[in-house]
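Each chain gets a letter, A, B and so on, in the order the sequences are listed, and its residues count up from 1.
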There are 2 protein chains.
Amino acid sequence: MTTQTLDLTFAALADPTRRAILSMLLEDDMAVTDVAEPFDMSLAAISKHLGILAAAGLIAQEKRGRVKWCKLEPDALRAASIWMQSFGQFEAVNLDAFEAFLAHELSSKSIDD
Amino acid sequence: MTTQTLDLTFAALADPTRRAILSMLLEDDMAVTDVAEPFDMSLAAISKHLGILAAAGLIAQEKRGRVKWCKLEPDALRAASIWMQSFGQFEAVNLDAFEAFLAHELSSKSIDD
DNA sequence: GTGATCGTCAACCATTTGGTTGAATATGCG
DNA sequence: CGCATATTCAACCAAATGGTTGACGATCAC
């Protein structure tokens with residue numbers, strides 16, 4: 001994780017529209033038009049958001065025919081998550097405590113909004 | 001974690017100066033002036049950065065006398081980290097795979113820059 | 001009290017961000 | 001070919017961001 005990668009990743013995650021998009025892509029790969037459908041926003045705006053997510057490596061885009069498919073890239077999120085944990089003060093690697101904490105959190109999580 | 005909290009947290013983390021500040025506070029609690037010292041930037045600018053970090057809950061500030069002490073609030077980072085992990089596709093809670101991955105990452109990590 | 005130190009406030013500035021619209025570029029379909 | 005669909009590009013705009021400077025309010029030290 002370079003500084004610039006962290007810049008892009010966190011900036012990308014700071015926008016609720018983009019987080020919602022990630023949440024959608026967690027379910028399934030989607031075309032740009034389909035990503036845009038639930039939002040009250042132009043297709044061009046969504047296209048820009050997808051570009052930002054792709055630049056941060058959070059999604060990958062692959063054009064097949066005239067449709068551009070978007071899929072989540074979990075590794076990028078995982079890497080950023082790791083970076084954050086280094087601040088969470090699991091001193092060396094206190095995974096037992098972390099495991100308990102994570103299990104508790106996940107049992108009552110809501111992905112977004 | 002509300003949507004707005006995530007906005008503030010990730011926006012705060014998106015700036016390299018603010019991440020460097022967090023990194024410094026990982027070592028020790030510090031006064032505003034001391035936080036500012038290594039940066040080539042006005043005290044007012046650093047004061048703003050600290051305000052943003054505090055608004056996101058990433059640090060706490062306590063005024064004692066004329067000096068305002070800043071300390072890391074690891075819980076906020078931990079919570080955001082948890083949010084990110086939900087996208088990392090450890091399907092239910094694949095902690096074994098995660099543990100291996102984390103151990104590997106930490107063995108070669110650099111906190112910032 | 002006087003003066004230095006700690007930190008914030010207010011006004012300002014340049015740049016970035018998140019959105020719009022309309023035109024343009026592919027690609028698929030009949 | 002001719003038209004509809006999928007996506008991006010370019011120009012533009014308002015608002016937010018990250019920085020500056022100078023004045024200001026507290027607090028401590030003599």
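- Note on S42(B): a side-chain N or O is less than 4.0 Å away from OP1 or OP2 of dT20(D).
- Nearest nucleotide to the side chain of T33(A), out of dA6(D), dG19(C), dT8(D): dA6(D).
- Note on A11(A): nothing from the nucleic acid sits closer than 4.0 angstrom, heavy atoms only.
- Atom CD1 of I59(A) is separated from atom C1' of dT7(D) by 14 Å (rounded to the nearest Å).
- Going from atom CG of D34(B) over to atom P of dT5(C) covers 14 Å, rounded to whole Å.
- Among the nucleotides dT8(C), dT21(D), dT8(D), the one closest to the side chain of K68(A) is dT8(D).
- Look at CD on Q61(B): it is 11 Å from C1' on dT8(C), rounded to the nearest Å.
- With values rounded to the nearest 0.5 angstrom, L53(B) atom CG is found 8.5 Å from D15(B) atom CG.
- Checked by distance alone, K48(B) brings a side-chain donor or acceptor within 3.5 Å of a matching partner on the base of dG19(D).
- Nearest-nucleotide mapping onto DNA chain C: of M41(A) and I46(B), the residue sitting toward the 5' end is I46(B).
- The CG atom of L22(A) sits 11.5 Å away from the NE2 atom of H49(A) when rounded to the nearest 0.5 Å.
- Rotation axes derived from the C1' atoms of the five outermost pairs at either end of the helix from dG7(C)-dC24(D) to dG30(C)-dC1(D) lie 30° apart, to the nearest 10°.
- Nearest approach of F10(B) to M84(A), heavy atoms of both residues: CE2-SD, 4.5 Å.
- Regarding L8(B), its CG atom lies at a distance of 13 Å from the C1' atom of dA16(D), rounded to whole Å.
- The side chain of I52(A) lies closest to dG18(C), out of dT7(D), dG18(C), dG19(D).
- A donor and an acceptor atom sit less than 3.5 Å apart, one in the side chain of R66(B) and one in the base of dT5(C).
- Not counting sequence neighbours, the partners of K71(B) by the salt bridge (Lys or Arg N to Asp or Glu O under 4.0 Å) test are E73(B).
- G57(B) and A76(B) get closest at one heavy-atom pair: O-CB, 3.2 Å.
- With rounding to the nearest 0.5 angstrom, the OG1 atom of T9(A) is 12.5 Å from the CD1 atom of I52(A).
- Here dG18(C) presents its C1' atom at 13 Å from CG of L53(A), a figure rounded to the nearest Å.
- Atom-to-atom, NZ of K63(A) to P of dA6(D) comes out at 13 Å; the value is rounded to the nearest Å.
- The distance between atom CG of D7(A) and atom P of dT17(D), rounded to the nearest whole Å, is 15 Å.
- Once rounded to the nearest 0.5 Å, the distance linking CD1 of I21(A) with CG of L58(A) reads 11.0 Å.
- One finds no side-chain N or O of S47(B) lying less than 4.0 angstrom from the OP1 or OP2 phosphate oxygen of dG7(C).
- Annotation: of the two residues near DNA chain C, R64(A) and A44(A), the 5′-most nearest-nucleotide partner is A44(A).
- Whole-Å rounding puts the M30(A) CE to dA6(D) C1' distance at 14 Å.
- Expressed to the nearest 0.5 Å, how far CE of M24(B) lies from CD of E37(B) amounts to 8.0 Å.
- Considering only the side chain of D15(B), dG18(D) comes nearest among dT8(C), dT8(D), dG18(D).
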